[in-house]
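The structure appears right after this line, and notes come after that.
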Amino acid sequence: MSESTTTFSALGLPESIVSALTEVGYETPSPIQAACIPLLLSGHDLLGQAQTGTGKTAAFALPLLARLKSDAANPQVLVLAPTRELAIQVAEAFQKYAHHLPGFHVLPLYGGQSMVVQLRQLKRQPQVIVGTPGRIMDHIERGSLNLDGIAALVLDEADEMLRMGFIDDVEWILQHTPAGRQTALFSATMPEPIRRVAQRYLREPQEVKIRAATSTVATIRQRYCQVQGPMKLEVLTRVLEGEEDFEAAIIFVRTKTASVELTEKLEARGYAASALNGDMQQAMRERVIEQLKNGQLDIVVATDVAARGIDVPRISHVINYDIPYDTEAYVHRIGRTGRAGRQGTAILLVAPREMRMLKTIERATRQPIEPVVLPTREMVTERRIAQFRNQIMAAIREGSLDFFFDVVRGIETSEGISAREIAAALTFLAQRERPLQPEARDWAELPTPAPERPARANREQILTRRREVASGRLARYRLAVGRQDGVTPKDIVGALANEGGIDVSQIGQIHLFDVFSTVELPAGLDGETLSALGGLRVRSKSLRMRPYHEDGDSGFRPPRGAEGTTPRPPRDSDAPKRARRGSDDDAPRPRRWKTGSA
Ligand code: ADP
Ligand code: MG
């Protein structure tokens with residue numbers, strides 16, 4: 001937030017609210033807050049236009065909280081928000097700001113949640129309701145939401161509600177609330193239909209317009225990396241490794257499929273990642289955001305729609321894996337970082353032919369976009385060692401190592417070796433999954449992007465694989481586990497490599513189908529090997545491996561010549577990408593597992 005000389009008290013907010021703000025760490029009002037709070041406090045209607053991340057929630061929540069009457073039984077404030085996530089976020093903000101208001105209740109109401117639960121919660125006499133238009137209408141029609149006491153109504157992200165087709169519902173709700181209410185409408189843009197709503201339902205509104213982007217973008221360091229499509233993943237992982245202040249990232253892609261596929265690839269490389277896209281059920285999306293907040297996830301691979309409005313202060317990086325369609329989308333995307341006055345980084349992967357877009361963005365945001373310097377192998381080694389050192393120090397700080405001291409001392413005496421030798425061996429063991437020093441062969445020179453053709457290393461890989469399959473060195477085998485069992489390629493590789501003892505280099509492509517999957521392994525595996533591998537379990541189901549015959553097996557047939565990508569059959573669109581759970585203990589096994597033994 002940019003500098004502002006005023007304070008929350010000076011804007012006329014009561015002490016009870018100001019003290020809650022101090023607790024959440026707000027120092028000064030943001031520009032839109034400074035402009036809106038006095039107006040709303042004095043009862044004006046308001047038309048506010050500002051980009052995301054400018055602090056609109058507090059701009060309306062604080063003054064409306066200050067105006068609550070303590071003796072009313074019915075809801076006094078109604079906020080309409082486009083999505084369930086945003087409704088929850090706004091409700092949480094109200095709750096925080098109202099920390100010192102005794103008996104305060106705020107209730108989010110959205111579709112998908114049980115009516116029974118909501119009806120029960122309504123009985124607790126919430127003063128503030130934050131809801132999505134559809135569900136609010138339901139409650140009004142049922143008579144379960146009494147609007148007689150509504151003194152203020154807020155339309156948050158009005159343009160988004162318009163875009164999602166809610167505008168008629170919003171008008172209907174406006175018509176059902178008391179005519180004497182105070183109304184505030186917030187929107188990032190002011191398309192004509194929104195203006196019309198404002199003209200019809202707001203009374204002599206005061207207009208507040210905060211000039212776009214620049215203030216939001218000021219805390220974000222913008223960078224780019226030129227890269228050709230086939231090398232994107234490699235470049236992405238190197239970029240991630242090279243970032244000093246990395247905490248969590250949102251990676252933007254253009255399609256839902258890409259969000260799932262990239263997530264799988266990152267998970268396979270050991271990242272705690274999850275997809276976030278419009279196909280996922282709301283509850284699942286919320287869980288993902290929650291896990292990103294609490295550190296169970298570090299990376300969310302999202303589409304624009306699904307990531308809109310996300311406010312997770314941990315997000316240190318926004319990566320534009322696929323370039324956004326326009327500068328506005330870009331500004332929205334990078335606004336997911338640099339939240340709450342923190343420093344953030346935005347990195348754009350850009351193909352040579354997209355460089356013009358980069359220039360356009362630079363002009364629009366009035367900020368230079370600097371090139372990323374990819375880390376060298378030595379730098380990565382150094383960073384991994386530093387992380388390892390931190391882990392050790394954390395374990396020491398946490399204490400209760402007595403038992404382990406004894407174990408080490410026992411080994412020292414029985415083997416006649418030094419603690420240092422033991423430590424070196426343990427270090428070796430601890431890094432086998434993810435070598436402290438990246439293997440030289442994993443560290444192929446990244447070709448400087450040349451226009452048009454795929455990068456050479458990649459073409460060679462593709463050709464080699466084609467040759468292997470053609471020469472019969474690899475064959476497809478069928479496994480009796482599929483998407484419906486929740487398996488991922490990583491699970492399968494994990495089972496085959498770790499328990500089945502198959503070298504990862506011998507595992508080819510994996511295709512997931514609903515009820516089964518296929519994996520490429522050396523051709524002609526004998527019956528004994530097959531039954532040994534077939535006895536392995538993934539997600540507590542046995543693999544029951546057998547040679548795969550395309551004609552005899554129903555299901556999707558991967559397109560020819562699609563090597564190098566995992567072709568994806570149409571999938572149950574409601575089966576969301578599983579989020580990784582838990583702590584580091586159950587970290588996904590990286591694919592490079594075996595390399596340590598080489
Ligand atoms: P918008 O609705 O405009 O997108 P939000 O209301 O979601 O913005 O606020 C964006 C972020 O800024 C939130 O994390 C919020 O806690 C933080 N924030 C809002 N106002 C202030 C302030 N005055 N000082 C510091 N952080 C703030
Ligand atoms: Mg908002």
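Atoms within a ligand are numbered from 1 in the order they appear, just like the ligands themselves. Numbers here are sequence positions counted from 1. Computed from a prediction, not measured in an experiment: that's the story for all the values here. These values consider heavy atoms only, across backbone and side chains, with no hydrogens, waters or symmetry-generated copies.
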Note to self: Below the 3.5 angstrom mark, is there an N/O of Tyr97, backbone or side chain, next to an N/O of ligand 1?
What the structure shows: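 For ligand 1, there is no N or O atom that lies under 3.5 Å from one belonging to Tyr97.
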Note to self: Quick check on His100: does its NE2 atom have over 12 non-hydrogen neighbours (other residues, nucleotides or ligands) under 6.0 Å away?
What the structure shows: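 Enclosed: over 12 neighbouring heavy atoms sit under 6.0 Å from NE2 of His100.
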Next item on the list: With heavy atoms of Thr28 as the reference, note each atom of ligand 1 found under 4.0 Å away.
Entry: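 Listed by number with element, the hits are 22 (C), 23 (N), 24 (N).
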Please confirm whether [X] comes under 4.0 Å of ligand 1, counting heavy atoms of the residue only.
X: Phe8; result: yes
X: Ser30; result: yes
X: Val24; result: no

Please work out, at 4.0 Å between heavy atoms, whether the side chain, the backbone, both, or neither of [X] comes within that distance of ligand 1.
X: Phe60; value: neither
X: Gln33; value: side chain
X: Ile32; value: neither

Checklist line | Arg135 versus Gln113, side-chain donor and acceptor atoms under 3.5 Å | finding: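 No pair is found: no donor N or O on one side chain lies under 3.5 Å from an acceptor on the other.
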Next item on the list: Closest by any non-hydrogen atom to atom 8 (O) of ligand 1: pick that one out of Ala34, Ala188, Gly55.
Entry: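 Minimum heavy-atom distance to atom 8 (O) of ligand 1 goes to Gly55.
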Checklist line | Proximity winner for atom 2 (O) of ligand 1, if only heavy atoms of Thr57, Ile310, Ile210, Asp311 are counted | finding: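 When every heavy atom of Thr57, Ile310, Ile210, Asp311 is considered, Thr57 comes closest to atom 2 (O) of ligand 1.
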Using 4.0 Å as the upper bound for N to carboxylate O, is an ion pair formed by [Y] and [X]?
X: Glu207; Y: Arg195; result: yes
X: Glu244; Y: Arg221; result: no
X: Glu241; Y: Arg269; result: no
X: Arg163; Y: Glu160; result: yes

Check: Name the one of Leu162, Leu86, Leu185 that satisfies side-chain contact (heavy atoms from CB on, under 4.5 Å) with Glu157?
Finding: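 Going through Leu162, Leu86, Leu185 one by one, the side-chain contact (heavy atoms from CB on, under 4.5 Å) with Glu157 is satisfied by Leu86 alone.
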